[in-house]
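Structure, as structure tokens:
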Amino acid sequence: VDDDDDTLEILNYNLRKIGIEGVSCHNSDELFQTLSEQIPDLILLDIGLPGTQDGFQICRTLKESNGFKEIPVIFLSGRTKTVEKVKGFDLGAVDYITKPIKVDELGSRLKTHLTISSLQKKLQETNIRLEETVKERTLDLSKTNEQLKQEVNAHRMDLEKLKIAKEAAESANALKDQFIRNISHELRTPLNGILGMLSLLDSTKLEDDQQEALENIRHSANLLLKYINDILNFSKIDTGKIKIWEEPFDFNILMNSLISQFTVTAKDKGIYLKQKVDHNIPRYLVGDLFKIQQILVNLIDNGLKFTETGG
């Protein structure tokens, strides 16, 4: 707000250069007419203005109005006396800049006050949202508290039934685990015998078609043994009793054995299966051989299952 057109033109030009759009007013009437149409983020206000109100009076009117009191006001005047600066701040201005205008200083101050104003608005909006949230949560908590009281009363009547049901479930779970362990061990015993007989048979002289059939049988038996061990492991995981063993083993022998198990399957699908062990992996390792074998079997099995062609 300034009664000098040249000043307004200079201000608007320099404000646009720093990304700020301004609306020019020459007096209080034009200002309040503009405020009735849009609320600015900040008001630059000269003191010596024509009309019914000067800059000080306009600032007082703004700060006494509920609709405009939150708008930051910066006095932009050629009056340099301390008493007038103090009066401007007492009336509620956030800053007082003296003419002639220093563009860099003006831009820096405007950006600072606009940032502060924006943060204050966000803080107010956040406070309003928080108050609404607190009211909603308080109401929800009251409803939840009432529901909990009703549920507690209902649960007190059902505690004995729940206890009986829990004991029955635990007993059934124990029977299930015992059954899984028993059946797994019962199946593994003859299957290990089959694998042993296959190893003995492999040490004899066989025709090519017989050797291929032997490999197929051994592969199927090993996979079946894997599935049985998986069932037993799932039972142990469910009861939290699974154990990791640590023992030395030959990684090269393990890999050769795994590749031989899947050679027939790969050949049947027309897939080239070959192992390549990183030279940084030591030949002799310490760990749970069976679980490592399980992981590698799953990886190779899935690789063959989802590979159509290639190697």
Please say yes or no: joined through hydrophobic side-chain contacts below 4.5 Å, possibly via intermediate residues, are Ile74 and Ile20 part of one cluster? yes
Intermediate values then yes/no, salt bridge (charged side-chain N to carboxylate O under 4.0 Å, His left out), Asp4 and Lys99: CA-CA 13 Å; Asp4 184 69; Lys99 297 178 181 178; over 6 Å; no
Under 3.5 Å: donor-acceptor pair, side chain of Thr115, backbone of Lys111: yes
Please report the interatomic distance CZ(Arg109) to OG1(Thr112), rounded to the nearest 0.5 Å. 9.5 Å
Main-chain N/O of His26 paired to Glu30 side chain as donor or acceptor, under 3.5 Å: yes
Could you measure the distance from the CD1 atom of Ile47 to the CG atom of Leu45? Nearest 0.5 Å is fine. 7.5 Å
Flag side-chain contact, heavy atom, 4.5 Å: Leu91 against Lys63: no
Is the shortest side-chain heavy-atom distance between Leu11 and Leu76 below 4.5 Å? yes
Please test Gln124 against Asn127 for side chain to side chain contact (heavy atoms under 4.5 Å, CB included), starting from the C-alpha separation and ending with a verdict. CA-CA 5 Å; Gln124 291 174 350; Asn127 286 336; 5.5 Å; no
Testing the basics here: between Pro40 and Leu35, what is the closest heavy-atom pair and its distance to 0.1 Å? CD-CD2, 3.3 Å
Can you tell me how far CD of Glu167 sits from CD1 of Ile164, rounded to the nearest 0.5 angstrom? 7.5 Å
Do Leu273 and Ile259 come within less than 4.5 Å of each other through their side chains, counting heavy atoms only? yes
For Cys25 and Leu8, which heavy atoms make the closest approach, and how far apart are they? O-CD1, 4.1 Å
Between Thr204 and Leu201, is there a donor-acceptor pair closer than 3.5 Å when you use the side chain of the first and the backbone of the second? yes
Specify the closest pair of heavy atoms between Asp46 and Asp2, including all atoms of both residues, with the distance to one decimal. OD2-OD2, 3.4 Å
Minimal heavy-atom distance between Leu49 and Gly55, with the atoms involved, is CD1-N, 4.2 Å
Could you tell me whether the side chain of Asp202 reaches within less than 4.5 Å of the side chain of Gln211, counting heavy atoms only? yes
With side chains defined as the heavy atoms from C-beta onward, is the minimum distance between Ile116 and Gln120 less than 4.5 Å? yes
For Ser36 and Gln33, indicate whether the former's side chain and the latter's backbone hold a donor-acceptor pair under 3.5 Å. yes
Connected via hydrophobic side-chain network under 4.5 Å: Leu119 and Leu110: no
Ring pair (Phe, Tyr, Trp, His ring centres under 6.0 Å) contacts touching residues 44-74 (sequence neighbours left out): Phe56-Phe75
Residues 139-151 vs side chain to side chain donor-acceptor pair (under 3.5 Å), sequence neighbours excluded, gives none
Can you tell me how far the CD1 atom of Ile101 sits from the CD1 atom of Ile10, to the nearest 0.5 Å? 6.5 Å
Starting from the C-alpha separation in whole Å, work towards a yes-or-no answer on side chain to side chain contact (heavy atoms under 4.5 Å, CB included) for Val23 and Gln38. CA-CA 10 Å; Val23 177; Gln38 58 181 326; 3.8 Å; yes
Same hydrophobic cluster for Leu258 and Ile281, using side-chain heavy-atom links shorter than 4.5 Å among ILVMFWY? yes
Does the side chain of Phe32 reach to within under 4.5 Å of the side chain of Asn27, using non-hydrogen atoms? no
Within the structure provided, determine whether Val297 and Gln293 are in side-chain contact (heavy-atom separation under 4.5 Å). yes
Over 12 foreign heavy atoms within 6.0 Å of CD, Glu9: no
Rounded to the nearest 0.5 Å, how far does NZ of Lys267 lie from OG1 of Thr265? 12.0 Å
Transitively linked via ILVMFWY side-chain contacts under 4.5 Å: Leu289 with Leu296? yes
If you count the non-hydrogen atoms of other residues, nucleotides and ligands that lie under 6.0 Å from CD in Glu207, is the total more than 12? no
Applying the 4.5 Å side-chain criterion to the ILVMFWY set and letting contacts propagate, would Leu148 and Leu141 be lumped into a single cluster? no
Should the heavy atoms of other residues, nucleotides or ligands under 6.0 Å from CD of Glu37 be counted, would the total exceed 12? yes
Please report the closest heavy-atom contact between Leu304 and Ala266, naming both atoms and the distance. CD2-CB, 3.8 Å
For the CD atom of Gln53 and the CG atom of Asp29, what is their distance to the nearest 0.5 Å? 8.0 Å
Option from Ile71, Val73, Asn66 for which side-chain contact (heavy atoms from CB on, under 4.5 Å) with Lys69 holds: Asn66
Do Leu15 and Glu21 pass the side chain to side chain contact (heavy atoms under 4.5 Å, CB included) test, and can you show the C-alpha distance, the side-chain angles, and the key distance before you say yes or no? CA-CA 6 Å; Leu15 289 177; Glu21 290 294 330; over 6 Å; no
Leu254 and Phe251, any side-chain heavy atoms less than 4.5 Å apart: yes
Please name the pair of heavy atoms, one in Arg79 and one in Tyr96, separated by the smallest distance, quoted to 0.1 Å. O-OH, 2.9 Å
So does Phe89 have more than 12 non-hydrogen atoms from other groups sitting under 6.0 Å from CZ? yes
Is it the case that the side chains of Asp41 and His113 hold a donor-acceptor pair, with the cut-off being a distance below 3.5 Å and no angle test? no
Check whether Ser108 reaches the backbone of Asp104 with its side chain - one donor and one acceptor, N or O, closer than 3.5 Å. no
Return yes when atom NZ of Lys102 has more than 12 non-hydrogen atoms of other residues, nucleotides or ligands closer than 6.0 Å, and no otherwise. no
Begin from the C-alpha positions of Ile128 and Glu132 and carry the test side chain to side chain contact (heavy atoms under 4.5 Å, CB included) through to its verdict. CA-CA 6 Å; Ile128 292 172; Glu132 293 174 350; 3.7 Å; yes
